[in-house]
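Below is one structure, written out as structure tokens; the observations come after it.
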Amino acid sequence: MASMIGAWRSLGQDSSVLKQKIKPGTTKRTLLFAVPYAGLLALFLVVVVVDATIAMVNPLIYRQIINNGILKGNSALIIDLAVVVAILGLLDGLLGMTQTYLSSRIGAGIVLSLRRQLFEHIQRMPLAFFTRTQTGALVSRLNNNVAGARTAFTDILSNVVGNVISVALILGAMFVLSWRITLAALVLLPLFVLPARFWGRKLQAITRESYDLTATMNNLMVERFNVAGALLAKLFGRYQDEAKVFEEKAARVSDIGVKQALYGRLFFTALLVMATCASALTYGWGGILAVRHLLDLGTVVALVSYLGRLYAPLLGLSNVQVSIMTALVSFERVFEVLDLKPMIQEKPDAVTIPAAPARICFDQVWFRYPSPADVSLASLESISVQDKRAQNTVLQDISFEIEPGQLVALVGPSGAGKTTITHLVPRLYDVQRGSIRINGIDIRDAKLDCLRERIGVVTQDAHLFHDTIRSNLLYARPSASDEQIRCALRDAQICGLVDSLPDKLDTLVGERGYRFSGGEKQRIAIARLLLKGADIVILDEATAHLDSESEAAIQRALETALGGRTSIVIAHRLSTILKADQILVIQDGRIVERGTHATLLAKQGTYAELYQRQLSVSHVVAH
């Protein structure tokens, strides 16, 4: 039965992989993943050989039972050989389980190694990689392609290797017993293999369609089951329409499943018919030879038994090329991501930035975002052809200095380059010209972990993991005590809210923190930043989601908590940055004005115009 299932699975594999070109070296690189399991592989091969030998020995024992036991009336021999058959059957079962364990253990080890390398590599990719790549495509590489590599690898071990050894031993024994009947039985093989290959191609098409339909159904569920999608569906009152759409997609998945089941039954029925025809031929021809005393009866029974074990392995081997190519393609898709070098690299001689009040210097910085070909793969994006046009320069000749403990504010219209400037400080991107220095050290010469330990960031859309409040806060400082956590919560003006919750710090925040309001979520994020205790703090519209009362409380908390720390704040509401040591007005990637609030108002330039406009809007809203 196992060999029949393996043969059917091999026929169901997508033969289109044979048209793909495998990069040179992929095979060698794939085999390197098996090197740590050389001992298990050797043991596996020994088990396969022993199991195949047992499968070959049983029909010969049947031959002896009939010829020397039944026909000669030797009851003792019959009993002894029957016991041997039973023992060999038990041993065959144990060896089969051992094969499954060893192949699965090797495959699981390879999967673990691949997933670990892939996850760690993706974590090191620059931010630009994630801005272009589909999350689902990355998850697919970690799950489907890695699992596909394991399945193909274990199939090759369990089916291909086992089938080759079994077929070789069985055919050898059959030719020794009767080469004429063996050839006649083999002549029938194409009569089954050709139709089976046709069914296999049909199954491949059905399987591909099944994957597409299932992916579409899953995508619908993912979009409707997340908080934002569920909210939209409820607000528009479309839940009945959504249920109807889902039912249609689910029905198509169900229908295609019925087709797969029918083709599977058709295959097994055809294999059974083929085995029956081969057995009939052997019994017929062999029986006539036995009547004529040209062949003994035990040999006829042994040949029929061998035939029952022969066709499924032969059928499985007929598609061995597809099995091997499927494994190589799966591995290649994983290697494709592993070979994409992160743009942000740490130098071998990188230095540590000491923990101390930080001085930041932007020196004639020019920057443009990298092209898609530099940071991503077309196969990981929603489009198949990447945009190869040159990227526009985002920042031009940016120069400014921030002394230790100073607060610098960045203001200007959307798209001017403010957020880009803040992304350059923790080296999420590298500049094309100029340099950024912290305490005199070019950040490109600094150790990445050390650099990012010195910097704390709160973005406009603060992200919280679907975990407890405690876990989200400890993400910034795993060794923090409960008292340190509560201190950070108090400074962020949210300790009272947390204490009022039934589970307090162990309260789940929900997906992306949706169980809390925007202001509450933002204050938890600010508490996380305060807990980190970074020397440099970057606030990208961090108070955008707060009401006036909460904003005032946070402003007071930040004034105390950020004392002595170098801070960069992006603010659209200019009322939040009146006490900034320096305000930089960014427009079209350039600094067009700089100074304090008072000096910029006196200039009556861009900043004064922005301030007066917001002031007018505030008066209108107030009235």
For residues 296-306, dump all side-chain donor-acceptor pairs below 3.5 Å to protein atoms at least two apart in sequence or in another chain.
from: D296; atom 1: OD1; to: N67; atom 2: ND2; distance (Å): 2.7
from: D296; atom 1: OD1; to: G298; atom 2: N; distance (Å): 3.4
from: D296; atom 1: OD1; to: T299; atom 2: N; distance (Å): 2.7
from: D296; atom 1: OD1; to: T299; atom 2: OG1; distance (Å): 2.6
from: D296; atom 1: OD2; to: T299; atom 2: OG1; distance (Å): 2.9
from: T299; atom 1: OG1; to: R63; atom 2: NE; distance (Å): 2.6
from: T299; atom 1: OG1; to: R63; atom 2: NH2; distance (Å): 3.4
from: Y306; atom 1: OH; to: M56; atom 2: O; distance (Å): 2.5

Query raised in the report: Quick one: NZ on K447 to CG on D449, what's the gap to the nearest 0.5 Å?
Result: 9.0 Å
Query - Gap between atom CD1 of I65 and atom CG of L71 - 0.5 Å precision - result: 12.0 Å
Query raised in the report: Can you list every pair that meets salt bridge (charged side-chain N to carboxylate O under 4.0 Å, His left out) and has a residue in residues 71-81, with sequence neighbours left out?
Result: none
**Report entry** Non-hydrogen side-chain atoms of Q117 and H121 separated by less than 4.5 Å
**Finding:** no
Query raised in the report: Can you find a heavy atom in the side chain of T53 that is under 4.5 Å from one in the side chain of L169?
Result: yes
Query raised in the report: Residues in side chain to side chain donor-acceptor pair (under 3.5 Å) with D51, at least two apart?
Result: Q99
Query raised in the report: Nearest 0.5 Å, what's the CD1-CG distance between I122 and L338?
Result: 8.0 Å
Query raised in the report: Quick one: side chain to side chain donor-acceptor pair (under 3.5 Å) partners of R427, sequence neighbours excluded?
Result: D430
Query raised in the report: Between E346 (side chain) and L448 (backbone), is there a donor-acceptor pair under 3.5 Å?
Result: yes
Query raised in the report: Taking N472 for the side chain and F465 for the main chain, is one N or O donor matched with an acceptor at less than 3.5 Å?
Result: yes
Query raised in the report: Measuring from L295:CG to I181:CD1, what's the distance to the nearest 0.5 Å?
Result: 5.5 Å
Query raised in the report: Is the count of non-hydrogen atoms from other residues, nucleotides or ligands lying under 6.0 Å from Y475 atom OH greater than 12?
Result: no
Report task. Check whether any side-chain N or O of S113 sits under 3.5 Å from a backbone N or O of I110 as a donor-acceptor pair, and report yes or no. Result -> no
Query raised in the report: When rounded to the nearest 0.5 angstrom, what distance separates CG in L112 from CZ in R115?
Result: 9.0 Å
Query raised in the report: For L77 and G69, which heavy atoms make the closest approach, and how far apart are they?
Result: CD2-N, 4.1 Å
Report summary line: One should read off an interatomic distance between L307 CG and Y283 OH, to the nearest 0.5 angstrom, of 10.0 Å
Requested in this report: Check L88 against I54 and note the closest heavy-atom contact, atom names and distance.
Outcome: O-CG2, 3.8 Å
Query - Closest approach of L102 to L40 (non-hydrogen atoms, all atoms of both residues) - result: CD2-CD2, 3.8 Å
Query raised in the report: Near R252 CZ, under 6.0 Å, is it more than 12 heavy atoms from other residues, nucleotides or ligands?
Result: no
Query - Flag side-chain contact, heavy atom, 4.5 Å: F175 against L183 - result: yes
Report summary line: Sequence neighbours excluded, the answer for side chain to side chain donor-acceptor pair (under 3.5 Å) partners of Q64 is N68
Query raised in the report: Donor-acceptor pair, S178 side chain versus M174 backbone, under 3.5 Å?
Result: no
Query raised in the report: T468: what forms a side chain to side chain donor-acceptor pair (under 3.5 Å) with it, not counting sequence neighbours?
Result: S471
Query - Any W285 side-chain heavy atom under 4.5 Å of R180 side chain - result: yes
Query raised in the report: Where do T98 and F44 land on the side chain to side chain contact (heavy atoms under 4.5 Å, CB included) test, with the steps shown first?
Result: CA-CA 8 Å; T98 304; F44 174 81; over 6 Å; no
